[in-house]
Amino acid sequence: MLEVSAAATVPDGVVAVGIPVIAGASGEGDEGARLEWFGRSDDATGAATGAVRELLTDAPDEAWLRRQGFSAAKGGSLALRGASGPPSVVLVGLGPRSGLDFERWRVASAALVRAAGEGGGAAALLVPDDPPGGTTAEVAAAIAEGAVLGTYRFDGYRSTPPPGRVERLVVVGHGEWADGLRRGALAAGAATFARDLVNTPAGDMTPRVLAERVRDRLSGLTGTTVEVWDEDRIAEERLGGVLAVARGSAEPPRLVRATYTPPDEQGADARRHVVLVGKGITFDSGGLSLKPADAMMTMKNDMSGAAIVLSVLSACADLGVRVKVTAIAPMTENMPGGRAQKPGDVFTARNGATVEVLNTDAEGRLVLADALSLASELSPDAIVDVATLTGAQVVALGKGVAALLGNDRALMESLQSAGDRAGERLWPMPLPDDYGEHIDSEIADMKNIGRAREAGTIAAAMLLARFVDGVPWAHLDIAGPARSEESSGYLSKGGTAFGVRALLDFLSHYTGPGDPG
Ligand code: BES
Ligand code: MN
Ligand code: ZN
């Protein structure tokens, strides 16, 4: 993982020096607009020599930059390589000054580390004393996140790993950058862990392996405990939904329950308790209601929710989260084996409710039902679940925005604000009481699907709502955002870990039930 640090001058040996550029205030794009950029003070140029020094002291002609295809307004980047080799100077567009937020710093930082090219080494980013778009700490965190996530790659399965990207980013400026950088790198590091878990093929990331990887990561962390339940314990605990889904698989299920307890000096905050629940289907074939081949190709990512909530837990101690956090993640494959549940079968969930399974591909809600019961039994202040739950979420909101549902408006609003700050957008959907009819069963307390082509995301959440026992609860359906089909911004093809940074931000700001944000 890329390292980030702060310095007062550009250190020797960097391969690229990034200069953030803001498009002028004229509001008409680049044409005729003045460019503003940072870091052309003698301090910052420090060790810079050759091409870099020239550019830092002598701004190139703006018309020429435009001819090179660089548009500060559109947020692109332009690498100018000096005749005498590195370092190159990378202009990174932050867009217009108006509306500049952390998200643009994340994208700019990712653009720099990518434009720096391959072959390792360090990049430097020149930053202004009073950065636009947020406090120094916020902008620092965003820069670290963009750089760590922008250099992320999953190469473990290539016989010849491609040459690496830069390994270090030095943020060059005055002021208090170090702590924000540290916090951003921690949050992005948690996301990196989640991405690795998600990107690992399902054949190698069975429930047993996932549980062990998480146990390894969490054990030894301050204030953190981790329990792994095997199939016998899962049966003893009457987790009927987990058992029903696991029946069709040769691999046994697991459930991980991990807790972070903040140090005593947090006083009242330490008594607040948030439970995170994550869907951990390590492969979703659909079961006997088998998916078509194309729909199955990405289904190793159906454990994203579990990876995300457990990664969040792994960063709580280092980030100094002040509230108690429990993460619960049921893990199983969804397979069509000889003992698989059959469409029409009924199981009894942990809370005693009976569920008729008319489509075995609607399996996420079954394992979440039991996990939400376990969560509500802890009587926490809030429950938040994260799941790649419905294709209908992708239809409604696409891959850039997750669906947010729940029974508590204040909780949902704090999550939405946290998501906005994290660049992980959440949008609310309703849970209308009368839609409860959609999941009425002919023979049991409920069925596991709603009406064909109607409100699929809501129907799934309606079922979940029946297992939280009145505890303030929010549900994030991340079916679309959990995976990216392209490498752009600070995302790379594959798992995105969408939700890790929003949840860490949410937990860092959480002050209890009824808190508006
Ligand atoms: N894991 C899928 C949802 C999903 C779809 C995630 C696409 C990511 C991308 C979930 O288990 C599922 O199969 N849901 C079904 C439910 C239906 C059978 C009621 C769906 O949405 O099609
Ligand atoms: Mn499914
Ligand atoms: Zn699924």
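Throughout, numbering of the chain's residues begins at 1 and tracks the sequence. Indexing begins at 1, ligand by ligand and atom by atom, following the structure's order.
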N-O pairing of Glu237 and Arg350 below 4.0 Å: yes
On the 0 to 90° scale, with breaks at 30° and 60°, tag the His438-Tyr435 ring pair as parallel, tilted or perpendicular. parallel
Taking Glu251 first and then Arg208, would you say they form a salt bridge - that is, a charged N and a carboxylate O separated by under 4.0 Å? yes
Say whether Thr390, considering both its backbone and side-chain N or O atoms, lies within less than 3.5 Å of an N or O atom on ligand 1. no
Give me the residue, atom name and distance of the protein heavy atom closest to atom 10 (C) of ligand 1. Leu389 O, 3.3 Å
Using a strict cut-off of 4.0 Å, indicate which atoms of ligand 1 neighbour a heavy atom of Lys279. 1 (N), 10 (C), 11 (O)
Taking the Mn ion (ligand 2) as the vertex, how big is the angle to OD2 in Asp284 and O in Asp361, rounded to 10°? 170°
Could a heavy atom of Val394 be found less than 4.0 Å from some atom of ligand 1? no
Restricting to N, O or S atoms of Asp302, which is nearest to the Zn ion (ligand 3)? OD2
Nearest non-hydrogen protein atom, atom 2 (C) of ligand 1: Asp284 OD2, 3.6 Å
Answer yes or no: does atom CD of Glu442 have more than 12 heavy-atom neighbours from other residues, nucleotides or ligands under 6.0 Å? no
From the Zn ion (ligand 3) out to just under 2.8 Å, does an N/O/S atom of Gly364 turn up? no
Calculate the angle formed at the Zn ion (ligand 3) by OE2 in Glu363 and OD2 in Asp284; 10° precision is enough. 90°
Does ligand 1 have any atom sitting under 4.0 Å from a heavy atom of Arg483? no
Taking 2.8 Å as the cut-off, does Glu363 contribute an N, O or S atom near the Mn ion (ligand 2), distance below it? yes
Before signing off on this row, confirm whether Asp302 and ligand 1 have an N or O atom pair separated by under 3.5 Å. yes
Ion pair present between Arg421 and Asp505, side-chain N to carboxylate O less than 4.0 angstrom? yes
Return the minimal non-hydrogen interatomic distance between Leu2 and Ala147, and the atom names on each side. CD2-CB, 3.6 Å
Heavy-atom nearest neighbour of atom 15 (C) of ligand 1 within options Asp477, Asn448, Asp361, Asn334: Asp361
For atom 21 (O) of ligand 1, find the nearest protein heavy atom and state the residue, atom name and distance (0.1 Å precision). Gly391 N, 2.7 Å
Taking non-hydrogen atoms only, is Ile449 closer than 4.0 angstrom to ligand 1 via side chain, backbone, both or neither? side chain
When every non-hydrogen atom of Ile328 is compared with those of Val309, the smallest separation belongs to O-CG2, 4.5 Å
Looking at ligand 1, does Lys291 have a heavy atom less than 4.0 Å from it? yes
Distance-only N or O hit between ligand 1 and Asn359, under 3.5 Å: no
Has Arg365 got any heavy atom lying under 4.0 angstrom from an atom of ligand 1? yes
Does this structure show an ion pair linking Arg425 with Asp420, if we count only N-O contacts that are shorter than 4.0 Å? no
I'd like to know if Arg153 pairs up with Glu118 as an ion pair, taking the criterion as any Lys NZ or Arg NE/NH1/NH2 lying under 4.0 Å from an Asp or Glu carboxylate oxygen. yes
Are the side chain of Asp381 and the backbone of Pro513 linked by a donor-acceptor contact shorter than 3.5 Å? no
Asp155 bridged to Arg158 by N-O distance under 4.0 Å: yes
Between Asp302 and Lys279, does any side-chain N to carboxylate O distance fall below 4.0 Å? yes
What do you reckon, does Met299 have a nitrogen or oxygen under 3.5 Å from a nitrogen or oxygen of ligand 1? no
Glu363 neighbourhood, listing ligand 1 atoms whose heavy-atom distance to it stays under 4.0 Å: 11 (O)
